[in-house]
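Convention: sequence-line order gives letters A, B, ...; per-chain numbering from 1. Quick note: numbers below take in every heavy atom, side chains included, and nothing from hydrogens, waters or symmetry partners.
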Amino acid sequence: DQQVKQNSPSLSVQEGRISILNCDYTNSMFDYFLWYKKYPAEGPTFLISISSIKDKNEDGRFTVFLNKSAKHLSLHIVPSQPGDSAVYFCAASDTGFQKLVFGTGTRLLVSP
Amino acid sequence: DAGVTQSPTHLIKTRGQQVTLRCSPKSGHDTVSWYQQALGQGPQFIFQYYEEEERQRGNFPDRFSGHQFPNYSSELNVNALLLGDSALYLCASSSGQGEGSPLHFGNGTRLTVT
């Protein structure tokens, strides 16, 4: 039973454009949502988070949107840069930032 | 400031053997969690250690056990290895059981079971 789903295995965008990564979840008890970025041969790196009491959180080029009624969140990267090319994991938790449930990841490729 | 360090980087074991993986948390962190990432999947939570005790556990059999030492470092032990245990094992650390503190991950140990 996949509680966190990332239905797009890959996404390609051009440098300077917007990247939109999507994530759906099924467990209504989740109250924290996070995005992690992973480069090959490295561990996941925390990018941005949002709690269920908010619908938007921004940090520089990264914005996360949460639609609780649709059980959907998205990560927007504007403008996209080649260095953003990585696998992005959506994660959720019902215990603060602990015991994360991860999606299967979306591979983002940003071309110059 | 050292981040989360894991050893070894790679490991090859035979089915039925036992393995121990090690993790040192980021400086200032006292909570360690372990995750298993199979090929093509996202990381799956195994368990969390805080104050030298297992605090939370995911859906993993008892063959998976752990330990946390007084210096906050941790070990993950897997007994009676199966082919399906082949995966990247990630250690993550945080402060005070992580309320409001995102996990910091190490680079992982790649375990191959033949």
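No continuous path of hydrophobic side-chain contacts links A:Val101 to B:Trp34 [ILVMFWY only; heavy atoms under 4.5 Å]. No single ILVMFWY cluster, assembled from side-chain heavy atoms under 4.5 Å apart, contains both A:Leu34 and A:Tyr25. Using a 4.5 Å cut-off between side-chain heavy atoms of Ile, Leu, Val, Met, Phe, Trp and Tyr, with links allowed through other members, B:Leu83 and B:Leu11 fall into the same hydrophobic cluster. A chain of hydrophobic side-chain contacts below 4.5 Å, direct or via other Ile, Leu, Val, Met, Phe, Trp or Tyr residues, connects B:Leu76 to B:Val19. Both B:Val32 and B:Ile46 belong to a common hydrophobic cluster when Ile, Leu, Val, Met, Phe, Trp and Tyr are linked at side-chain heavy-atom distances under 4.5 angstrom.
Between atom CG of residue A:Leu100 and atom CD of residue B:Gln48 there is a gap of 10.0 Å, rounded to the nearest 0.5 Å.
For B:Leu103, the parts sitting under 4.5 Å from any heavy atom of chain A are the backbone and the side chain alike. When heavy atoms are compared at a cutoff of 4.5 Å, B:Leu88 approaches chain A solely by way of its side chain, counted from C-beta outward. With a 4.5 angstrom heavy-atom cutoff, B:Gln6 does not touch chain A via any of its atoms. Interface residue B:Tyr35: only side-chain heavy atoms are found under 4.5 Å from chain A.
A centroid separation of 6.0 Å or more is found between the aromatic rings of B:Phe45 and A:Phe102.
Environment of CZ in A:Arg107: sparse, with no more than 12 heavy atoms of neighbouring residues, nucleotides or ligands closer than 6.0 Å. Heavy atoms from other residues, nucleotides or ligands lying under 6.0 Å from NZ of B:Lys13 number more than 12. For A:Arg17, the CZ atom is loosely surrounded, since the number of other residues' heavy atoms within 6.0 Å does not exceed 12. With a 6.0 Å radius and a threshold of 12 heavy atoms from other residues, nucleotides or ligands, B:Asn59 has its CG atom at or below the threshold. Enclosure of atom OH in B:Tyr72 is not indicated, since only 12 or fewer non-hydrogen atoms of other residues, nucleotides or ligands lie within 6.0 angstrom. The environment of B:Ile12 atom CD1 is sparse: at most 12 non-hydrogen atoms of other residues, nucleotides or ligands sit within 6.0 angstrom.
The two residues A:Phe89 and B:Gln41 come nearest to each other via the heavy atoms CE2-O, 4.1 Å.
For a heavy-atom cut-off of 4.5 Å, chain B lies close to A:Lys38, A:Ala41, A:Glu42, A:Gly43, A:Pro44, A:Phe46 in residues 38-68 of chain A. The contact list for residues 106-114 of chain B toward chain A, using heavy atoms and a distance under 4.5 Å, reads B:Gly106, B:Asn107 by residue number.
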